[in-house]
Each structure stands twice: as structure tokens, then as C-alpha cells.
> 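Got a structure for you, questions after.
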Amino acid sequence: MISPTAVASPEQALPILLRGVVDLHVQEEFGRKLEKSFKSQVPLKVKAGFDPTSPDLHLGHCVLLKKLRQFQEMGHIVQFVIGDFTALIGDPTGRSEIRKPLTSQQIAENARTYADQVFRILLPDRTDVVFNSSWMNPLGVSGLIRLAALQTVARFLERDDFQKRMSERLPIHLHELLYPLIQGYDSVSLRSDVELGGSDQLFNLLVGRDLMRQHQMEPQVVLTLPLLVGVDGEKKMSKSLGNAVALEDGANEMFGRLMSIPDRLTASYATLLTDLDPSFLANMHPKEAKVLLAKAIVSQFHGVAESEKAEASFERVFSRREVPEEIPEYSVSQGPIRLSSVMVSIGAAKSETLAKQLIRQGAVDWNGQTVLDPFLLVSPAGDILKVGKRFYCRVNSTPPGT
RNA sequence: GGGGAGGUUCCCGAGUGGACAAAGGGAACAGACUGUAAAUCUGUCGCCAGACGGCUUCGGAGGUUCGAAUCCUCCCCUCCCCA
């Protein structure tokens, strides 16, 4: 392992830093910057921005974070930009509709939880966490207008997202055009040497290069990384699409979600998220390979012991269909009470109607017995309730009046 | 500013006076099957109700009608063309 304070030589750094990279603008500049940094031992400033629009980071973000970590290990400094100002706009990239604006309170809240999650991967002493409001607010309206004068409408509308929206007759609001400008101006303020982003960020990143040049600065080098496909195997991983694995997910949850990805994603997950050799996995039984992958990822966030427990629990619950070792416990009012009502008060079903439907469908087990009578009365006293494949709990009753 | 098209259930989208809790697709959930929480097939998918039946919903507020998602009035929002 390289000492984190020494800047590595380009020969050493390039193969690692370029692994998995989609776009590189511009190769020669990157080489020159690495060379110069190595000679002077002045680390490069590597920027990546995150919008605190949702408090939970997921594995999709990790692709980028892992790359940033590699830069840190090569001796460079990460500029971790929290887009508290840009969050007022919302990145229109890949969006078919406008984002709902967040209150400054939500933004602050989200930003706070960010740092905790991020440092599971990044090295704290090689990371500058900065908020872009700190230079955007002083810029003021006149500054923003000067900035806007540097780019043309045609160029901004060219991009795919907007073209698509226009052809689908969906609204594009004026402020959305400002997003790339502001992201680019971040790079000007920070005098970044390199900026990383997802491959869909290329436009925004390149605007940064333009603006730096227009401010008589050496433009940043731009690197983009592949977008991680979500567990549905189709769309980009995103929380709002429900196909994400959150860093905050528990070990069991994370393991299970990873096991559910289509087999063909195993290799790309391995490449982008772990140090496993994808060609090695390709020769294994697909399920074994996926187990290995899931364990490798889970252990990064929960430790090896937890990942092994998650595997055992997965085998137990899904392969052998047994009751998990640890199940939550709930108390309901004393029986006799309808099982469907128990399910609703526990949160296993949203309404009585739904609960009865589940029972009719044979989805509900009471102490290991499938219940088919939607009107069954029970008197809970430590009984085991199973709803669907995944919901298990133990039900007790509280005497009335307590 | 002028002209045209729209806003439907979680999402997309049909429906233009009763047969509409509202087609179809997607998502979600369940069952079967499976190495898997994948794929596939089947079912469910507003709320309440032990079949009957009742209640709330189609941008918002009023109105016409025995009866409205559907007609009228006003308002809000979006898209397109022209200026």
C-alpha cells in the first residue's frame, strides 16, 4: 500500500486511475498534470459533486467514491462538493420532469448524513468537504448573469435530456439551464485539476472546462465512470426508481438485494464495486459467484462477520424457507382478535381489505400453519406470524389498559 | 398578446352523460416454480363490509341533470404554433 501522503508517479497511477473509465478529456492534459504533480509532490485537486437531494447514498454513488479513493491512495486530494446551492435547482440530467425544490432545512439535514456515509469509503484527511453555497451566494445575481453570458442557449438545449423533453412536449424551466453553469463555476472557484462524474454528467463536466478556460485557468481534466445498473437490471440505479441498494441498508437486506440482481450483472458489479476478478467469477456457478460478490460488497460496509451472517440467514430463509434467527416482536391488544387486524396494527398490511386478500392468497402463516380463513380469531401469546416470503415477526399481546 | 391541445387512480395512458372504482401497460404485492428477493406462469391491486351492499376518487371551486371523469361557468397548471 502506498503511503497516502506521497504522490505516485504517472506510471504507477495511470493504470489504476483509468480502470473502468468511460470518457477522458483530455488524455495528454491528464498525463501532464500527473507528471507535474509527481515532480512537485503537490497533490492534484480532484473534484466530485453530490446533490444533497436525498439523504441516502447507494451503491451507484460508490462507483464514483471508489474511484476518488483510488486518487487519494495515489496521493491526491478530493474536493467533495456538497451542492447545497445547486440542490435548489436539481440536476436536470436524465430527468424527464422538474425536481421538486428542497427546503434549506432538508438540504442541511441531508448534507449532514452525507459526510457520515461518505467516509466509509473516502479517507477523511485527504478530503475537503465544501458547500457550493459558500461561493455561489456571494456571487450574487449580477455575477450569475455575467456567468450566463459566457454560454449560449443553443449549446445548452442541444443536450439529450432537453431535446427529449422538447420532443415530448414536457416543460423545461429556465432555472434548469443554470445547473451546468453553476456546477462549472464550482470548478472555477475550487481551481480543480480533475473532475469525476457519472457518464451522464459529461455535458456538465465539460461546461466546467469551458468556464475555467474563459476565466483564464487551466481547464480541469474530466473523467466519467459507468452508471451502475440497478437491481432491476435495466435502469440506472436510483433511489426513486426503487432499484437501489442503500449504504444504510442492513446486512441482510443488502445481501438479499444483491442476490436478486440478474446474473449478467455480476461481472459489472464486481468490477465497479469490488476488487474481485470478474473473469474468475465467470467460471463459477452463477449463484456461487453472486454469493461471493454479495459478501464482498456487504463486508465493505458491515464487516466480514456480518456478511457471513447475512449469507447464512439468506440460505436459511430463502433456500430452506425456515424462520430467521432474529425476528422483530410486536404487541397487540389482547385476543381474541382478528388475524387481519393484527396484521394491520403491526404494519404487515396497509388495510383490512388487503390483509384479508393476503390471507385468501395463502400468504399468511400463523405458527407455521398457512391460514386461509380471513376471519380467523387469534389470541397472540408469542406466536410467529409470517406474511409473504420476507415478513416474519413474533406477536405478543398486552393486557387491556396498559 | 393571438390561436390550438391538454390536466384521469403509484406512474404511463384509454374513457367524452348511466353498464365506471374507471380499459390496457408498467410498478408493487401474493401464489406456483427456481440456485436467488432473477426469469416465467397465475392471481391481487381505492376504503369499509363474513357473499348483499355502502362510501370516497378523475387539476380546483361552483352549476346543470333523476344521474357527471364525461355538459356549463370561473380559476389554477402544462405543452405546441404565431408574435
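So that the names make sense, note that chain A is the first sequence line, chain B the second, and so on, each numbered from 1. The analysis underlying the following values was restricted to heavy atoms, covering all of them including side chains, and did not include hydrogens, waters or symmetry mates.
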> Using a cut-off of strictly less than 4.0 Å between a heavy atom of the residue and any atom of RNA chain B, enumerate the qualifying residues of residues 280-312 of chain A by number.
A/P286, A/K287, A/K290
> Indicate every side-chain donor-acceptor pair of residues 280-288 of chain A with a distance under 3.5 Å to a residue at least two apart or in another chain.
| from | atom 1 | to | atom 2 | distance (Å) |
| --- | --- | --- | --- | --- |
| A/N283 | ND2 | A/S279 | O | 3.4 |
| A/H285 | ND1 | A/K287 | N | 2.9 |
| A/K287 | NZ | A/E315 | OE2 | 3.1 |

> From CE of A/M254 over to P of B/U36, roughly how many Å is that when rounded to an integer?
23 Å
> Does one side chain, of A/Q334 or A/S379, offer a donor that lies under 3.5 Å from an acceptor on the other?
no
> Checking all strands, does A/G256 fall into the base, sugar-phosphate, or nothing category for heavy-atom contacts under 4.0 angstrom?
base
> Would you kindly compare A/A363 and A/S260 by the position of their nearest RNA chain B nucleotide and give the one closer to the 5′ end?
A/A363
> Using atom NZ of A/K389 as one end and atom P of B/G35 as the other, report the distance to the nearest whole Å.
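Computing the A/K389:NZ to B/G35:P distance gives 14 Å.
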> Does a nitrogen or oxygen in the side chain of A/Q357 sit under 4.0 Å from OP1 or OP2 of B/C45?
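The answer is yes; a side-chain N or O of A/Q357 sits under 4.0 Å from OP1 or OP2.
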> Using a strict cut-off of less than 4.0 Å between a Lys/Arg side-chain nitrogen and an Asp/Glu carboxylate oxygen, indicate whether A/K33 and A/E218 qualify as a salt bridge.
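Here A/K33 pairs with A/E218 in a salt bridge, since their nearest N and O are under 4.0 Å apart.
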> Whole angstrom is fine here: how far is it from CG in A/D232 over to P in B/C11?
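The answer, rounded to whole Å, is 19 Å.
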> Compare the minimum distances between each of B/U36, B/G43, B/A37 and the side chain of A/Q361, then state the nucleotide with the smallest one.
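For the A/Q361 side chain, the nearest candidate turns out to be B/G43.
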> With A/A267, which residues qualify under side-chain contact (heavy atoms from CB on, under 4.5 Å), at least two apart?
A/P278
> What is the distance from CG of A/L385 to P of B/A30, rounded to the nearest Å?
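Taking CG of A/L385 and P of B/A30, I get 13 Å after rounding.
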> May I ask you to test the A/H58-A/V245 pair for a side-chain heavy-atom distance under 4.5 Å?
no
> If the threshold is 4.0 Å, N to carboxylate O, is there a salt bridge linking A/R390 and A/E253?
yes
> Is B/A28 paired to anything, Watson-Crick or G-U wobble with both distances less than 3.5 Å, and if yes, which nucleotide?
B/U44
> Distances under 3.5 Å between protein N/O atoms and the N/O atoms of nucleotides 76-80 of chain B, please, pair by pair.
| from | atom 1 | to | atom 2 | distance (Å) |
| --- | --- | --- | --- | --- |
| B/C79 | O4' | A/R169 | O | 3.4 |

> Between the side chain of A/H302 and the main-chain N/O of A/S307, is any donor-acceptor distance below 3.5 Å?
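Answer holds: no.
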> Indicate yes or no: does A/R32 engage A/E35 in a salt bridge with an N to O separation below 4.0 Å.
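Not counted as a salt bridge, because no side-chain N and carboxylate O are separated by less than 4.0 Å.
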> Exactly one of A/N243, A/D200, A/L228 should register a side-chain contact (heavy atoms from CB on, under 4.5 Å) with A/K236. Which one does?
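Exactly one option meets the side-chain contact (heavy atoms from CB on, under 4.5 Å) with A/K236, and it is A/D200.
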> Please state whether the base of B/A37 and the side chain of A/R257 form at least one donor-acceptor pair under 3.5 Å?
no
> If we call it a pair only when both distances are under 3.5 Å in a Watson-Crick or G-U wobble match, what pairs with B/C52?
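Pair assignment: B/C52 / none.
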> Tell me, please, which residues at least two apart from A/E322 pass salt bridge (charged side-chain N to carboxylate O under 4.0 Å, His left out).
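Here the qualifying residues are A/R320.
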> Name the one of A/V395, A/I346, A/T398 that satisfies side-chain contact (heavy atoms from CB on, under 4.5 Å) with A/S331?
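The option that passes is A/T398.
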> Could you identify the nucleotide paired to B/A68, looking across every strand shown and requiring Watson-Crick or G-U wobble geometry with both distances under 3.5 Å?
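WC or wobble partner does not exist here.
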> Taking a pair as Watson-Crick or G-U wobble with both distances under 3.5 Å, which nucleotide is matched to B/A39?
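None - no nucleotide pairs with B/A39, as no candidate has both distances under 3.5 Å.
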> Could you run down the sub-3.5 Å N/O contacts of the protein with nucleotides 48-54 of chain B?
| from | atom 1 | to | atom 2 | distance (Å) |
| --- | --- | --- | --- | --- |
| B/C48 | OP1 | A/E352 | N | 3.3 |
| B/C48 | OP2 | A/S351 | OG | 3.1 |
| B/C48 | OP2 | A/T353 | N | 3.2 |
| B/C48 | OP2 | A/T353 | OG1 | 2.5 |

> Measure CE/A/M259 against C1'/B/G35 and give the value in whole Å, please.
7 Å
> Tell me: CZ of A/F318 to P of B/C33, nearest whole Å?
16 Å
> Can you check the A/D263 CG to B/A37 C1' distance for me, whole Å?
13 Å
> Using both distances under 3.5 Å as the test, list the Watson-Crick or G-U wobble partner of B/A23, or none.
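Base partner found: none.
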> Any side-chain heavy atom of A/I182 within less than 4.5 Å of one from A/M136?
yes
> RNA chain B: A/K235 or A/E253, which has the more 5' nearest nucleotide?
A/K235
> According to the Watson-Crick and G-U wobble definitions, with both distances under 3.5 Å, which nucleotide is paired to B/G6?
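The base-pairing partner of B/G6, which may sit in any strand shown, is B/C77.
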